[in-house]
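Lettering of chains follows the sequences in order, A, B, ..., and the numbering in each one begins at 1.
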Amino acid sequence: MLEKITPRTEDFSRWYTDVIAAGQLADYAPVKGCMVIRPNGFALWENFQRALDGMFKETGHENAYFPLFIPESFLKKEAEHVEGFAPECAVVTHGGGKELEEPLVVRPTSETIIWAMFRKWIESYRDLPLLMNQWCNVVRWEMRTRLFLRTLEFLWQEGHTAHGTAEEAEEETRRMLEVYRRFAEDWMAMPVISGIKTEREKFAGAVRTYSIEAMMQDRKALQSGTSHNLGQNFARAFDVTFQNERGEREFVWATSWGVSTRLIGALIMTHGDDKGIILPPKLAPTHCVLIPIYKGEDQRALVLERLEAIGNTLSPDFKVKVDKREGYTPGWKFYDWEQKGVPLRVEMGPRDLAKNQVVLVRRDTGEKIPVGTEGLVDRVRDVLDAIQRSLFEKARSLMLQNSVTLDDYLDVVRFLEGPGGFVYGRLCNSFSCEEKIQEETKATVRCIPFDRPPDPGPCLVCGKTVDGRVVIAKGY
RNA sequence: CGGGGCGUGGCGCAGUCUGGUAGCGCACCUGCUUUGGGAGCAGGGGGUCGGAGGUUCAAAUCCUCUCGCCCCGACCA
């Protein structure tokens with residue numbers, strides 16, 4: 001269980017897999033490209049789900065569940081969509097010992113089957129908006145996989161909504177991206193850039209795709225959530241119409257949006273250090289781990305009794321664990337819980353007992369803070385809040401320090417050849433200009449940020465005048 | 001699919017070139033002593049050496065075939 005973690009500076013991708021193994025977050029499954037999410041990882045995912053699901057409900061969405069299997073013909077109904085997904089689909093051809101009349105695709109995403117159902121449910125403008133979400137697994141047959149970031153099967157949430165006007169659909173698309181931004185920043189303590197995807201990078205079948213992009217510690221970008229305005233593409237493909245207030249038939253306007261277990265990978269690569277993962281307090285399955293320190297049987301009984309009492313005073317407000325395991329030294333336990341990313345350690349030994357205090361140790365900074373047992377709940381809350389804030393600030397300064405504004409094409413190439421980061425550069429929204437940058441640097445346009453100031457100038461590649469800058473970076 | 005690497009107790013490896021019947025570290029079990037940053041000693045359990053076939057008195061080791069995994073490239077949340 002306890003292994004040494006490769007330092008980030010030595011080999012970032014090995015560091016990443018080491019952190020996952022050491023924290024017992026996931027393991028490789030017997031099926032190539034698939035993973036097992038272990039209890040430590042799944043507890044995290046459950047907290048992600050809880051927080052996100054609450055926000056979905058607040059914005060009026062309801063959960064439902066649609067089938068894993070999709071008739072192959074459904075997928076083929078939307079031209080761009082099938083083109084985007086067909087190569088990475090798993091297809092079931094046999095069932096019950098017989099070849100199926102029509103193959104069933106294992107969902108890579110559920111637009112098609114959901115819109116086949118929306119057709120039955122939507123008749124009038126009174127049925128709109130229809131705001132739905134499902135938590136499920138999807139399968140995409142990827143060539144190269146990495147734990148949490150890209151596996152054949154992954155868990156996610158997919159929202160699907162239907163609206164009566166283009167404006168409402170656009171509002172919904174932006175609203176849900178904003179929900180993702182808030183989740184990333186307020187809960188995960190992960191700063192992101194919100195923006196619109198280029199034509200080249202948008203979702204197959206969408207009119208517009210928005211995303212939130214985060215910078216990992218290796219300075220590569222990770223798309224952490226997407227929201228699509230699907231226009232009337234799926235309504236047309238599945239013939240979903242409604243009667244408006246004036247009695248006219250119209251195609252419905254659609255959106256879809258999702259985040260996945262990839263966010264766990266994002267969390268690891270945003271906050272982790274050479275000791276392992278660091279969990280932001282707002283999402284940590286365990287906030288505080290209490291570790292007793294003693295010599296001999298008598299002390300053990302005294303310290304444990306006191307520590308249990310402290311655990312009880314903390315447990316109404318925080319998720320607390322008392323590590324009573326015997327046969328392990330305190331030092332061993334420190335490392336163990338650090339690898340698991342628990343934000344706050346509470347130590348108590350004979351010296352603390354005498355002074356009626358405990359020692360709080362921050363996972364993120366290692367700082368040791370002796371505090372009296374009086375008013376401990378408030379102190380713990382303060383320290384956890386401080387950790388949450390400081391994780392965000394640290395990540396934000398990494399992103400700012402590694403973002404540059406460049407106007408010269410060669411400077412961009414040179415920057416991306418080095419340690420890299422985010423380039424704010426001018427690029428027109430054409431396939432060919434973006435392709436040229438990608439061919440030469442492996443970087444792509446991550447997004448066209450919402451909050452970009454007007455800053456007209458020539459496109460880095462073709463020289464055509466554009467009115468502002470985009471974010472260019474290597475991505476996952 | 002192209003390039004590279006690796007399959008030997010749970011994990012990490014040595015042994016392979018030069019055949020002689022399997023070893024080390026960690027982990028695990030028992031006991032005693034320990035416990036403020038990965039404890040020590042003693043004892044113990046666990047492997048048909050990825051699989052199949054062949055050569056040989058004898059194969060982890062040599063030959064043939066096969067299967068699997070990891071890493072690096074082209075696509076993706």
Side-chain angles (χ1 to χ4, degrees), chain A residues 1-6 11-14 16-18 21-22 27-34 83-89 108-109 137-158 180 197 200-204 209 211-214 221-228 256-266 275-276 291-297 299-300 303-304 323-339 345-355 357-359 361 366 368 370 435 438-439 442 444 475-476:
Chain A
M1 159 168 62
L2 292 163
E3 51 197 271
K4 50 224 156 306
I5 294 170
T6 306
D11 183 342
F12 191 81
S13 77
R14 182 179 282 172
Y16 176 75
T17 48
D18 286 354
D27 206 347
Y28 294 99
V31 182
K32 181 186 163 73
C34 291
E83 201 183 313
F85 281 108
E88 50 184 290
C89 284
T109 180
N137 57 341
V138 287
V139 168
R140 297 181 189 177
W141 215 264
E142 302 290 348
M143 300 296 174
R144 251 189 85 211
T145 56
R146 297 194 64 191
L147 293 174
F148 290 116
L149 298 177
R150 192 178 303 105
T151 48
L152 294 200
E153 180 191 5
F154 58 94
L155 304 184
W156 78 345
Q157 145 283 309
E158 48 180 323
Y180 291 156
K197 284 289 193 184
R200 196 156 167 271
E201 293 276 321
K202 73 170 196 198
F203 175 75
T209 291
S211 74
I212 53 171
E213 303 282 333
L222 184 74
Q223 176 175 309
S224 304
T226 52
S227 185
H228 314 291
S256 70
W257 27 274
V259 295
S260 70
T261 39
R262 169 178 257 203
L263 287 177
I264 294 177
K275 292 174 171 180
I291 299 189
I293 298 159
Y294 48 80
K295 289 188 174 79
E297 223 11 76
Q299 263 187 14
R300 177 173 170 270
V303 170
L304 272 182
D323 190 344
K324 289 182 283 193
R325 288 178 290 180
E326 291 180 55
Y328 294 100
T329 62
W332 188 92
K333 291 177 181 177
F334 297 165
Y335 282 100
D336 188 41
W337 291 105
E338 277 164 359
Q339 290 182 325
R345 180 168 84 227
V346 181
E347 300 175 13
M348 171 171 268
R351 295 204 291 271
D352 303 308
L353 200 61
K355 288 190 263 183
Q357 66 168 29
V358 294
V359 178
V361 185
K368 297 192 175 188
E435 218 158 55
Q438 182 170 16
E439 271 167 23
K442 305 250 191 298
T444 53
Y476 273 91

Subject >> Sugar-phosphate, base or nothing in reach of A:S224, heavy atoms under 4.0 Å >> reply: nothing

**OP:** Would you kindly give the CG-to-P distance between A:L152 and B:rC75, to the nearest whole Å?
**Re:** 18 Å

Original post:
For A:R146 and B:rC71, what is the distance between atoms CZ and P respectively, to the nearest whole Å?
Top reply: 8 Å

Original post:
Of all the nucleotides listed (B:rC70, B:rC72, B:rA77), which has the minimum atom distance to the side chain of A:S13?
Top reply: B:rC72

Original post:
Are any side-chain N or O atoms of A:Q299 and backbone N or O atoms of A:K295, one a donor and one an acceptor, separated by less than 3.5 Å?
Top reply: yes

Original post:
What do you reckon, do A:W332 and the base of B:rG38 stack, with centroid distance below 5.5 Å and planes below 30°?
Top reply: no

Original post:
How is A:T17 classified with respect to the nucleic acid when contacts are heavy atoms under 4.0 Å: base, sugar-phosphate, or nothing?
Top reply: nothing

Original post:
Could you state the CZ-P distance from A:F12 to B:rC72, rounded to the nearest angstrom?
Top reply: 13 Å

Original post:
Roughly how many Å is it from CD in A:Q339 to P in B:rC11, rounded to a whole number?
Top reply: 18 Å

Original post:
Would the number of heavy atoms belonging to other residues, nucleotides or ligands and lying under 6.0 Å from CH2 of A:W141 be above 12?
Top reply: no

Subject >> Flag side-chain contact, heavy atom, 4.5 Å: A:P108 against A:V138 >> reply: no

Subject >> Nucleotide forming a Watson-Crick or wobble pair with B:rU55, both distances under 3.5 Å >> reply: none

Original post:
Rounded to whole angstroms, how far apart are CG on A:D11 and C1' on B:rC72?
Top reply: 11 Å

**OP:** Would you mind telling me which residue lines up with the more 5' stretch of RNA chain B, A:F148 or A:R144, judged by nearest nucleotide?
**Re:** A:R144

Original post:
Which atom names give the shortest non-hydrogen contact between A:P292 and A:P330, and what distance separates them?
Top reply: O-CG, 4.3 Å

**OP:** State whether the distance check finds a donor on one side and an acceptor on the other, under 3.5 Å, for side chain A:R140 versus base B:rC76.
**Re:** no

Subject >> Whole-angstrom distance between B:rG12 and B:rU48, as gauged at atom C1' >> reply: 23 Å

**OP:** Give A:F154 one of three labels, base, sugar-phosphate or nothing, depending on what nucleic acid heavy atoms sit under 4.0 Å from its own.
**Re:** base

Original post:
Expressed in whole Å, how much space separates the P atoms belonging to B:rG44 and B:rG38?
Top reply: 29 Å

Subject >> Separation between the C1' atoms of B:rG19 and B:rC63, rounded to whole Å >> reply: 13 Å

Original post:
Should B:rC41 form a Watson-Crick or G-U wobble pair with both distances under 3.5 Å, which nucleotide is its partner?
Top reply: B:rG31

Original post:
Is there side-chain contact between A:V359 and A:V346, with heavy atoms separated by less than 4.5 Å?
Top reply: no

Original post:
Which value, in whole Å, describes the distance between the P atoms of nucleotides B:rC57 and B:rG47?
Top reply: 30 Å

Original post:
Which sits closer to the 5' end of RNA chain B, A:T226 or A:T145, going by the nucleotide each is nearest to?
Top reply: A:T145

Subject >> Pair partner, B:rU61 [Watson-Crick or wobble, under 3.5 Å] >> reply: none

Original post:
Could you state the CH2-P distance from A:W156 to B:rA77, rounded to the nearest angstrom?
Top reply: 9 Å

Subject >> Where protein sits on nucleotides 31-36 of chain B, one letter per nucleotide: B base, S sugar-phosphate only, - none, heavy atoms under 4.0 Å >> reply: ----BB

**OP:** May I ask you to say what A:E142 touches in the nucleic acid, namely base, sugar-phosphate or nothing, with a heavy-atom cut-off under 4.0 Å?
**Re:** base

Original post:
Counting any heavy atom closer than 4.0 Å, what does A:E158 reach on the DNA or RNA strands: base, sugar-phosphate only, or nothing?
Top reply: nothing

Subject >> Any-strand Watson-Crick or G-U partner of B:rG2, both distances under 3.5 Å >> reply: B:rC72

Original post:
What's the NZ-C1' distance between A:K197 and B:rC75, to the nearest Å?
Top reply: 14 Å

**OP:** Identify whether NZ of Lys or CZ of Arg in A:R345 sits under 6.0 Å from the centre of the six-membered ring of A:F334 and within 45° of that ring's axis.
**Re:** yes

Original post:
How far does the C1' atom of B:rG68 sit from the matching atom of B:rG51, given to the nearest Å?
Top reply: 10 Å

Original post:
Does B:rC11 pair with anything, Watson-Crick or G-U wobble, both distances under 3.5 Å, and if so, with which nucleotide?
Top reply: B:rG25

**OP:** Tell me what A:L222 touches on the nucleic acid: a base, only sugar-phosphate, or nothing, going by heavy atoms under 4.0 Å.
**Re:** nothing

Original post:
Should the ring pair A:W257 and A:Y180 be called parallel, tilted or perpendicular, given that the plane angle runs from 0 to 90° and is split at 30 and 60?
Top reply: perpendicular

Original post:
Do the non-hydrogen side-chain atoms of A:F154 and A:F148 ever get within less than 4.5 Å of each other?
Top reply: no

Original post:
Tell me: CD of A:E83 to P of B:rC75, nearest whole Å?
Top reply: 15 Å

Original post:
Is the closest side-chain heavy-atom distance between A:R262 and A:I264 below 4.5 Å?
Top reply: no

Original post:
Looking only at atom P, what distance separates B:rU35 and B:rC41, rounded to whole Å?
Top reply: 16 Å

**OP:** Describe the nucleic acid contact of A:R345 in one word from base, sugar-phosphate, nothing, applying a heavy-atom distance below 4.0 Å.
**Re:** base

**OP:** Could you measure between the two C1' atoms, the one in B:rC28 and the one in B:rG46, and give it in whole Å?
**Re:** 9 Å

**OP:** Describe the nucleic acid contact of A:K442 in one word from base, sugar-phosphate, nothing, applying a heavy-atom distance below 4.0 Å.
**Re:** sugar-phosphate

Subject >> Span that lies between the C1' atom of B:rU8 and that of B:rU16, in whole angstrom >> reply: 11 Å

Original post:
Any side-chain heavy-atom pair from A:E201 and A:T209 closer than 4.5 angstrom?
Top reply: no

